[in-house]
Every structure is written in C-alpha cells, then in structure tokens.
Protein chains: 2
Amino acid sequence: MARAPLTRDEVLATAADLVKQHGPEALTMRKLAAELGTAVTSIYWHVGNRESLLDALVERTVADLGAIRARGAGPAERIVSVARALRRQLRAHPHLVAMVHERGLTERMFLPAQRALVHEVHAAGLRGARAAEAVRAVQFQVVGFVLIERNRERAPVQRPGEEELWDAATAEDDAALARALAGPVDPDRLFTLSVRALVKSLLEPGT
Amino acid sequence: MARAPLTRDEVLATAADLVKQHGPEALTMRKLAAELGTAVTSIYWHVGNRESLLDALVERTVADLGAIRARGAGPAERIVSVARALRRQLRAHPHLVAMVHERGLTERMFLPAQRALVHEVHAAGLRGARAAEAVRAVQFQVVGFVLIERNRERAPVQRPGEEELWDAATAEDDAALARALAGPVDPDRLFTLSVRALVKSLLEPGT
DNA sequence: GGCGTCGGTGTAACTGTGTTACAGGCGCCT
DNA sequence: AGGCGCCTGTAACACAGTTACACCGACGCC
C-alpha cells in the first residue's frame, strides 16, 4: 500500500471537497484524514492547524473567483451589473460566504470587485472622497445582502414569523402591504431594486 | 451548603452574563455550571439543550430591546432615524448580533423596527407592494450593515488589506480616492449616507 | 559500509466539548 | 409512612482538536 506522498495541495483539495459537500462544520481533522487515507498527524504536518487550513481554503477559493466585468449602458446600470455579478459569484460558493464571515474576512470577499466599481464610479463623474464613499456604500450593501440571504436559506422557518405577524389589522389597513410582508421575499427582485435605488441616489449630483 | 433551588431564569441570567463578557463561544455547559455552583445536569434539566439555551438567550435579549420610535421632520428623515435607532440598539449588544446570525434568525432582529417602518413608509405615501419592498430594502440594508460592521471590528487587520492595495496608480490617478479607500472606514458616516441614499430613491414616485 | 539528519507518517494519548444513564435527595400530598 | 414529582449529582460516552513520541526511508557524509 505505498501511497504517493501527501502534498499540501492534496490536503487542501479534499478539504475543499468536504466543505463543498457538507459545510465547514463537517470538516473534522479525522474525517479529512480518513478521506485521504492517512493519519491525522500528517495533516498537521502539512497545514499546521485547523485554523490555518480554513484560512488557506478561504484564500484559495477567493483567488479562484473570476474577475468581474461590468455590463450595460449607463454608469448606473453598469454598477448594478457589477453588484449582481458579485452576488452571483458568492452564491455559487455558499459555504465560502460562511467561512469568510466566520473568519472576519468579509471585506475580503469584495476586493476583486472593488476595482471594477472604482472604474464605473469614475465614469459616472464622481471623484475623490465622494467616489470612495459610493464604492463602499455599494460594497457594504452587496456583502450585507449576501450574508442575510445565506442566513435566510439556512433558517427556513422563523419562530414568531412574519406570516402570522402581518395581518391587515397590524398593517394599518393596507391589505396589500400585509399580504406582501407576510409572503416570502423574492431575493433577486429585492436585491436589484435595492442596489438600483442606492446607486441612483449616489450618482446624483448634490449633497 | 443548601443552595436556593436553581431556576430557569437564574440559568439564563448568568448565561447571558457569560456571553456578554466573553462571547458566545465561551459559554460552555461546564463553565456555566461552575459559575452557578451546580452540576451540569441541572442545567440540562432546566433548559434542555445548549441550542435551546442559546435560543432562549436570543429570545430574551431581543425582547429586552426597547421599542423604536421615529424622530425627525420629513418621512425620509424619520425612516433614517428608525434605521439608526435599530443599529444603535444592535450595537449595544454586540454578541447578540453574532448569536442571532449563527442561529439563522437575522430577520428576527428587525421585527421590532418593522412596525415603525411601515408607519413611516405609509406616511410617505407608499402603499401595498411598493411599501413592503421599501420596508424590506431598508431592513436588509440595516441588518446587513450591522453584520459587516461587527465583522470588521473582530478582524482588525485584513491580510492583503485595502491599505497597500490602493495607491494612486491603481486608482486611475485619483489620489484623493486612493487615499480615501486606503484609509479606515467611518461606519457612522457611511451608514447614514447609505441609508439616506437608499431611502431617498425608494420614496421617489416613479418606477 | 555505517551513521546521522531530515522529511514525513503512524500510534496513542491528553484535554475539553455536548450529552445522557442512572442513582438518588427533598418536599409535598394522601 | 408511603409515594411521587421536582431537582441535583456522579460518572460515563462519543467526538473534537492537538501533540508527544516512535518509526520509516532517503540522502549525504565520513
């Protein structure tokens, strides 16, 4: 049973597999060792720690995210397209979001897109501090949205729940509003709507 | 050493203390038992589980959050004030945010404020589905922002880091922008700016 | 050839976690 | 007194991350 000697990349690859399939909490050192057909200590030799392993995993996956290109006509639409592209990328790696969040590297997720955003904000005529604020506002909105979204998917049923909380009475006699708030959220729609609204204001000249 | 019999409330209270002081991961059943001067099984008897314990803790703390009142003149400013009040409340209980997030109850954090928001959106003239969308857009923005913010505070130094990433060259010769993006974020300012921008667009008549 | 060093692996243990089976104790009601 | 329900404690189980230590094999050096 001579195995080819274990490499750090091999460890990272099967660790990534485990995480992709069953989530980060399913990645235990022993399971990983079993999967690799080796002993726990070998893993500790190659990657020092569970922490370091997850760090390396995050680094790896973030690096794998492709570059983001803006599409569309006006500056506003192009910025929105960047936001949507980022969201799509993050949603393609659901566990990544959790891991990045747990490690306190949330901003890190956005760095690949920041450059594209700066370009578009410039094209829209914003400069200096105002441009930076616009970029960061969009950045925070997108990443925050993705965090919440991932969260919602994990918690299918809320306990008091919006459903029974919003009847016509509590909604100040606006039955349509009550119905809308009691119903499920349409994340795609809400995301586009929010980003578009935010960007519209940010690009307006004025305050 | 006759102790007064343990009560569920007592357990929850000292559990809340532990979490407040050292974060949720420091709350182990044995530490809690030691703190209470009792045995682990007693805790299990009163609150069934660690899960249930944390659930109860979240419930308790969320219930303790005061009601949110809108302030200010125009509808837009009043909505912004609700958002800021919610953010302030959540930031006053830093660990709560983490716990709520981990338990997938992120929306739950917003329920107390939702009612206030509905009122203000109504006052601004929005009805039905449009009103609901506005409420939810603000809701997602605020909660998302708080999540990111808490995250930033936990991770003082990012590894590639925005600092060395943004020099004048990469910022398309906008030195002021490079400086702004390389510098630290001012969360208060960014938050108010973002919410104000979002709300402004949401309240505009039209699409 | 013998020997030591270094890279890499394996066995078996340590500590600490959540959780539970089980044996009671204490007080109240009948 | 007896019984029962609330409550507590002892001791264990399974599983987690981590590590001390022995070992193996190749390589270089004397």
Side-chain angles (χ1 to χ4, degrees), chain A residues 1-60 95 98-99 101-105 154-155, chain B residues 1-60 95 98-105 154:
Chain A
M1 276 293 278
R3 281 196 336 93
L6 201 58
T7 72
R8 183 184 158 90
D9 269 359
E10 201 179 344
V11 174
L12 260 58
T14 72
D17 271 1
L18 278 182
V19 169
K20 248 174 233 154
Q21 287 173 27
H22 309 101
E25 72 282 354
L27 174 63
T28 84
M29 304 305 260
R30 285 181 235 267
K31 274 209 196 82
L32 181 54
E35 195 76 14
L36 284 162
T38 180
V40 208
T41 37
S42 304
I43 298 174
Y44 277 91
W45 198 93
H46 284 287
V47 302
N49 238 343
R50 183 166 191 267
E51 283 299 282
S52 332
L53 197 162
L54 291 180
D55 277 344
L57 235 51
V58 167
E59 209 63 33
R60 220 175 104 105
H95 300 309
M99 289 174 55
H101 183 73
E102 278 160 22
R103 323 192 78 40
L105 301 174
R154 197 158 45 105
Chain B
M1 275 293 276
R3 284 193 338 90
L6 201 57
T7 71
R8 181 185 160 89
D9 270 357
E10 201 180 343
V11 174
L12 261 56
T14 72
D17 271 1
L18 277 181
V19 168
K20 248 175 232 152
Q21 286 172 28
H22 308 100
E25 71 284 354
L27 174 63
T28 83
M29 304 304 259
R30 287 180 234 268
K31 274 209 197 80
L32 180 54
E35 194 77 13
L36 283 163
T38 180
V40 210
T41 38
S42 304
I43 299 174
Y44 278 91
W45 198 94
H46 284 287
V47 302
N49 237 343
R50 196 185 124 96
E51 283 298 281
S52 332
L53 197 161
L54 291 179
D55 276 345
L57 235 51
V58 167
E59 210 63 33
R60 219 175 105 107
H95 299 310
M99 289 172 57
V100 170
H101 183 73
E102 279 160 20
R103 325 195 72 49
L105 300 174
R154 196 157 46 103

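Each chain gets a letter, A, B and so on, in the order the sequences are listed, and its residues count up from 1.
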Restricting both atoms to N or O, compile the protein contacts to nucleotides 24-27 of chain D shorter than 3.5 Å, with distance only.
none

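Considering every non-hydrogen atom in both A/Val58 and A/Met99, the closest pair reads CG2-CE, 3.8 Å. Closest approach of B/Ala33 to B/Ala39, counting heavy atoms only: CB-C, 3.8 Å.
Within residues 26-35 of chain B, the residues that have a heavy atom under 4.0 Å from DNA chain C are, in order of number, B/Leu27, B/Thr28, B/Met29, B/Arg30, B/Lys31. Of the residues in residues 40-51 of chain B, B/Thr41, B/Ser42, B/Trp45, B/His46 come within less than 4.0 Å of DNA chain D through at least one heavy atom, sorted by number. Within residues 15-24 of chain A, no residue has a heavy atom under 4.0 Å from DNA chain D.
Remark: B/His101 pairs with A/His101 by the ring-ring contact (aromatic ring centres under 6.0 Å, His included) rule, at least two apart or across chains. Scanning for side-chain contact (heavy atoms from CB on, under 4.5 Å) contacts around A/Glu51 gives A/Asn49, A/Arg103, with sequence neighbours left out. Residues forming a side-chain contact (heavy atoms from CB on, under 4.5 Å) with A/Thr28 (at least two apart in sequence, or on another chain): A/Arg30, A/Lys31. Considering only residues two or more places apart in sequence or on other chains, B/Ser52 meets the side-chain hydrogen bond (donor to acceptor under 3.5 Å, both in side chains) condition with none of them.
Of the candidates A/Leu57, A/Asp55, A/Leu53, A/Leu53 is the only one forming a side-chain contact (heavy atoms from CB on, under 4.5 Å) with A/Val47.
Here the CG atom belonging to B/Leu12 is positioned 10.5 Å from the CD atom belonging to B/Glu59, to the nearest 0.5 angstrom. The NE2 atom of B/His46 sits 10.0 Å away from atom OG1 of B/Thr41, with the distance rounded to the nearest 0.5 Å. Remark: B/Asp9 CG to B/Thr14 OG1 distance equals 11.0 Å, nearest 0.5 Å. The CG atom of A/Leu32 sits 5.5 Å away from the CG atom of A/Leu27 when rounded to the nearest 0.5 Å. With rounding to the nearest 0.5 Å, the separation of CG in B/Leu54 from CG in B/Leu105 is 11.0 Å.
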Show which side-chain atoms of residues 16-24 of chain A pair as donor or acceptor with protein atoms under 3.5 Å away, not counting sequence neighbours.
none

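One can place CZ of A/Arg8 at 13 Å from P of C/dG8, the figure rounded to the nearest angstrom.
Residues in residues 38-49 of chain B take part in no salt bridge (Lys or Arg N to Asp or Glu O under 4.0 Å) pair, two or more places apart or across chains.
Rounded to 10°, the angle separating the first-five-pair axis and the last-five-pair axis of the helix from C/dG1-D/dC30 to C/dT30-D/dA1 equals 30°.
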